[in-house]
Amino acid sequence: MAGLIILWILMYLLEANRANALVSFVQDAAHWLAAWSYDLFTFDEAWARVVTGYGLAAVVYLAVGHAVAGGLRRR
């Protein structure tokens, strides 16, 4: 999940063609995964909102995934 969100952040920053089917899919999936954190911060610059909003979701998903994997490894 975090990888998909990070991929969207990179595509956004590199100005990927949003008419492309892959870019559109990644954008839609990342937006769905980060719906709870997107627009949490209100920066004037659009790129800052994307990096912080989606970046926060990616960090949370990485932390939760790491915790779950650590718990499963201990069993």
Side-chain angles (χ1 to χ4, degrees):
M1 290 187 280
L4 192 64
I5 294 171
I6 292 169
L7 180 61
W8 167 242
I9 293 171
L10 289 174
M11 286 180 168
Y12 181 86
L13 293 175
L14 296 173
E15 298 178 2
N17 179 10
R18 293 189 188 166
N20 181 284
L22 176 64
V23 175
S24 179
F25 170 77
V26 171
Q27 179 185 12
D28 291 343
H31 189 71
W32 185 80
L33 289 169
W36 59 271
S37 68
Y38 189 71
D39 285 338
L40 189 62
F41 303 101
T42 55
F43 294 106
D44 291 334
E45 300 293 329
W47 67 268
R49 285 192 304 272
V50 169
V51 170
T52 56
Y54 287 103
L56 175 63
V59 168
V60 169
Y61 285 128
L62 282 173
V64 169
H66 184 71
V68 169
L72 291 175
R73 196 174 317 129
R74 289 187 193 128
R75 289 183 163 219

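Here the structure is a predicted model, which is why all the values come from computation and not from measurement. Just the heavy atoms: all of them, side chains too, but no hydrogens, waters or symmetry mates, feed the values below.
- Between A2 and A58, the closest heavy-atom pair is CB-O, 3.6 Å.
- For the pair V23 and R18, the tightest heavy-atom approach, listed with the atom from each and the gap, is CG1-CA, 3.9 Å.
- Between the CG atom of L62 and the CD1 atom of I5 there is a distance of 8.5 Å, given to the nearest 0.5 Å.
- Classified by interplanar angle (parallel below 30°, tilted 30° to 60°, perpendicular above 60°), the ring pair Y54/Y38 is tilted.
- Side chain of Y61 to backbone of L33: a donor-acceptor contact under 3.5 angstrom is found.
- Residues V51 and F43 fail the side-chain proximity criterion, which asks for heavy atoms closer than 4.5 Å.
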For V50 and L13: C-alpha separation, side-chain torsions, deciding distance, then whether side-chain contact (heavy atoms from CB on, under 4.5 Å) applies.
CA-CA 9 Å; V50 169; L13 293 175; over 6 Å; no
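- The number of heavy atoms from other shown groups lying within 6.0 Å of CH2 (W36) is above 12.
- A distance of 7.5 Å separates CZ of R49 from CG of D44, quoted to the nearest 0.5 Å.
- Listed here is the closest heavy atom pair of V26 and L4: CG1-O, 3.9 Å.
- W32 and L10 fall into different hydrophobic clusters, defined by Ile, Leu, Val, Met, Phe, Trp and Tyr side-chain heavy atoms under 4.5 Å apart, directly or through other members.
- The hydrophobic clustering, which links ILVMFWY residues whose side-chain heavy atoms are closer than 4.5 Å, places W8 and L14 apart.
- The distance from atom CG of D39 to atom OG1 of T52, rounded to the nearest 0.5 Å, is 9.0 Å.
- The backbone N or O of A19 lies less than 3.5 Å from no partner atom in the side chain of S24, so there is not a single donor-acceptor pair.
- Under a hydrophobic clustering in which Ile, Leu, Val, Met, Phe, Trp and Tyr are joined whenever their side-chain heavy atoms come within less than 4.5 Å, directly or via other members, V59 and I6 fall into different clusters.
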